[in-house]
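Values below: all heavy atoms of this structure, side chains included; hydrogens, waters and symmetry mates excluded.
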Amino acid sequence: MALRRDRRGRGPRGVIIPPTLPGGKTRSQRFDALVTQLAKKLTQIHPQVADFEFAVEDVPPSSPPPWNTQSPVLAKSFSPRRGSGLKTRIVLYRLPIVNRATVTELPALIADVMYEQVEGVLGEDPLF
C-alpha cells in the first residue's frame, strides 16, 4: 500500500488545482479539446465531414518516406480504399503545431491545418 508523503508534519499533500478547472488540464488535453471543438464546428458547416475521423498524435513518424519532401509535417490525411468500410482519417501532430504558435494563435492555426486537410480530401473549400 502506497502512503502519501506527510512532508515536515504538515499533513498529506493534496491536489493544487482540481481537474474540473481549466488549469487542471494538461496541454495535450487542451489541444484535444480544441480539435474536438473545431471538428464539431466543421461538421456543422460541411456535412460530409461527419464521416471523417480526427486524431491527434504527438509527433509525425520519425522516418518519412523519401518522396515526402515537405519538411515540417503538421497533419496528414488518410483516405481508405473503396469497399474497405473505413473512414477518412485526418491526423494532426500536436508538437509541431504547438511549436509554431503562441497560446492565442493556436486555435487559428489548428483551424487552418484542419481546413487545409479537409480541403485536400474533398477537393473543395470546406467553408463554402
- I would like to know whether Gln48 and Leu122 meet side chain to side chain contact (heavy atoms under 4.5 Å, CB included); could you show each step before the answer? CA-CA 9 Å; Gln48 284 182 313; Leu122 295 177; 3.5 Å; yes
- More than 12 foreign heavy atoms under 6.0 Å from CZ of Arg30: is that the case here?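 Yes - once you tally the heavy atoms of other residues, nucleotides and ligands closer than 6.0 Å, there are more than 12.
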- Message: If you count every heavy atom of other residues, nucleotides or ligands that lies below 6.0 Å from Arg94 atom CZ, does the total exceed 12?
- Response: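 Yes - once you tally the heavy atoms of other residues, nucleotides and ligands closer than 6.0 Å, there are more than 12.
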Testing the basics here: between [X] and [Y], what is the closest heavy-atom pair and its distance to 0.1 Å?
| X | Y | answer |
| --- | --- | --- |
| Pro107 | Leu38 | O-CD1, 3.8 Å |
| Ser77 | Ile90 | CB-CG1, 4.1 Å |
| Met114 | Val35 | CE-O, 3.9 Å |
| Ala39 | Phe54 | CB-CD1, 3.7 Å |
| Ala101 | Leu109 | CB-CD2, 3.7 Å |
| Ala50 | Thr43 | CB-CG2, 3.6 Å |

- Message: Please tell me whether Ile97 and Leu95 are part of a single hydrophobic cluster in this structure, the criterion being side-chain heavy atoms less than 4.5 Å apart.
- Response: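 Each belongs to a different hydrophobic cluster.
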- When clusters are formed by joining ILVMFWY residues with side-chain heavy atoms under 4.5 Å apart, either directly or through shared neighbours, do Val56 and Leu106 land in the same one?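 Val56 clusters together with Leu106.
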- Sub-3.5 Å donor-acceptor pair from the side chain of Glu57 to the main-chain atoms of Tyr93, do we have one?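 No, Glu57 side chain to Tyr93 backbone: no donor-acceptor pair under 3.5 Å.
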- Message: Does this structure show an ion pair linking Asp51 with Lys87, if we count only N-O contacts that are shorter than 4.0 Å?
- Response: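 Salt bridge absent between Asp51 and Lys87.
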- Any side-chain heavy atom of Leu74 within less than 4.5 Å of one from Arg100?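 Yes, at least one pair of side-chain atoms sits under 4.5 Å.
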- Query: So, do Ile110 and Asp112 sit near enough that their side-chain heavy atoms are less than 4.5 Å apart?
  - Reply: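 Result no, sub-4.5 Å side-chain heavy-atom pair not found.
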- Task: Quick one: do Arg89 and Val91 satisfy side chain to side chain contact (heavy atoms under 4.5 Å, CB included)? Show the steps, please.
- Result: CA-CA 6 Å; Arg89 178 174 287 175; Val91 179; 3.9 Å; yes
- With side chain to side chain contact (heavy atoms under 4.5 Å, CB included) as the test, would you mind laying out the steps for Phe78 and Val121 before giving the verdict? CA-CA 9 Å; Phe78 299 94; Val121 170; over 6 Å; no
- Worked verdict on Phe52 versus Val118 for side chain to side chain contact (heavy atoms under 4.5 Å, CB included): CA-CA 9 Å; Phe52 289 9; Val118 169; 4.2 Å; yes
- Item | Leu42 CG to Gln37 CD distance, which is reported to the nearest 0.5 Å |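 Leu42 CG to Gln37 CD: 12.5 Å, rounded to 0.5 Å.
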